[in-house]
Number of protein chains: 2
Amino acid sequence: MYTVKEVAALLDMTNHTVRYYTDQGLVPNLRRDDHNNRLFDEATVKWLLCVKHLRHCGMPIDDIKTYISLCQEGDSTVKERYEIMRRQQAVALTQLEEAKQRIAYIDEKVGNYFDILNGATDDKDYDKSTY
Amino acid sequence: MYTVKEVAALLDMTNHTVRYYTDQGLVPNLRRDDHNNRLFDEATVKWLLCVKHLRHCGMPIDDIKTYISLCQEGDSTVKERYEIMRRQQAVALTQLEEAKQRIAYIDEKVGNYFDILNGATDDKDYDKSTY
DNA sequence: TATTGACTTCGGGTTACTCGAAGGTGATAT
DNA sequence: ATATCACCTTCGAGTAACCCGAAGTCAATA
């Protein structure tokens, strides 16, 4: 059983965000202790992780809510859930490519700056417009 | 020379976002034609690309503005810019790892759903809590 | 006993878009 | 000639997803 703080640390989000997601009804069957404090068991942590991943795909809260509801409805919704996840799979792959491009871009910048700081001479042809 | 729409398509952002960034002063030396329409040359497209990458690292608009200003100030700010980019490099690497984890998570979901849809029997031991 | 610290709810604030209205321009179609 | 596009512009309001802090509760520790 985890508290808000613990689960936030575990999944690398803020306490505020954890509470926000639970308040939005994105975490089914969330328990409370006798002082009304949120208590996360293994299952609720998994839901929260699912929410986190979908959210990081750019899926809006309301759409995540829909997906979670479908999950609760049983096997009849498997096809629909499959299609949702397939779409997020495509999104996630695009994100990966973008992340790589971003890294390539930044690596080049860092390299350029590094060379300048270390007094590289003009044996490299810098594009002045990039700094 | 590109119009808003063209540069938006080129860099894969919305027209609105392109205008928003320029209005925020994130694109130095942006030209206008005689009808006040924004005109992007190679240099301004590069600035916009830089803004896009930094923004996707999660850098706030105001911080990007600061970075752009430093760029305009000449070589005296190279060290500071280097340090900024080093930090974003770390962020970008973290994002890459997260993207990979996200993909692994979603791939597993998709695989599970696929197996169910294709009438897989119980030779695989599904964790029921994940659907 | 008093302080510490983590929890709660609630409501306002912030960021970065996002949208649409209202209007201008220039090219093409009737 | 004029209408209809398809762009562009500014501006201001709306939205999503946090983000923060106040005010209060409770348990454990100094």
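Every chain is numbered from 1 and lettered A, B, ... according to where its sequence line falls, protein lines coming before strand lines.
A perpendicular orientation is assigned to the rings of Tyr67(A) and Tyr113(B), their planes being inclined by more than 60° (bins at 30° and 60°).
The distance between atom CZ of Arg31(B) and atom P of dC8(D), rounded to the nearest whole Å, is 18 Å. Here the C1' atom of nucleotide dT10(D) and the CG atom of Leu30(B) are 15 Å apart, to the nearest Å.
For the pair Asp41(A) and Lys46(A), the salt-bridge criterion is not met [side-chain N within less than 4.0 Å of a carboxylate O]. A salt bridge is defined here as a Lys NZ or Arg NE, NH1 or NH2 lying under 4.0 Å from an Asp or Glu carboxylate O, and Arg87(A) with Glu83(A) fails to meet this definition.
Residues passing the side-chain hydrogen bond (donor to acceptor under 3.5 Å, both in side chains) test with Thr77(A), sequence neighbours excluded: Arg81(A). Arg86(B) meets the side-chain hydrogen bond (donor to acceptor under 3.5 Å, both in side chains) test with Gln89(B); sequence neighbours excluded. Residues satisfying the side-chain hydrogen bond (donor to acceptor under 3.5 Å, both in side chains) test with Thr17(A), not counting sequence neighbours, are Thr14(A).
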Fill in the blank from the handout: Each nucleotide of nucleotides 6-19 of chain C classed B (base within 4.0 Å of a protein heavy atom), S (only sugar-phosphate) or -, in 5' to 3' order, makes SSBB------BB-B
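Side chain to side chain, Arg38(A) and Thr22(A) meet the donor-acceptor criterion of an N or O pair below 3.5 Å.
The hydrophobic cluster containing Leu39(B), built from Ile/Leu/Val/Met/Phe/Trp/Tyr side-chain heavy atoms closer than 4.5 Å, also comprises Met1(B).
Residues from residues 92-100 of chain A lying near DNA chain D, meaning a heavy-atom separation below 4.0 Å, are absent.
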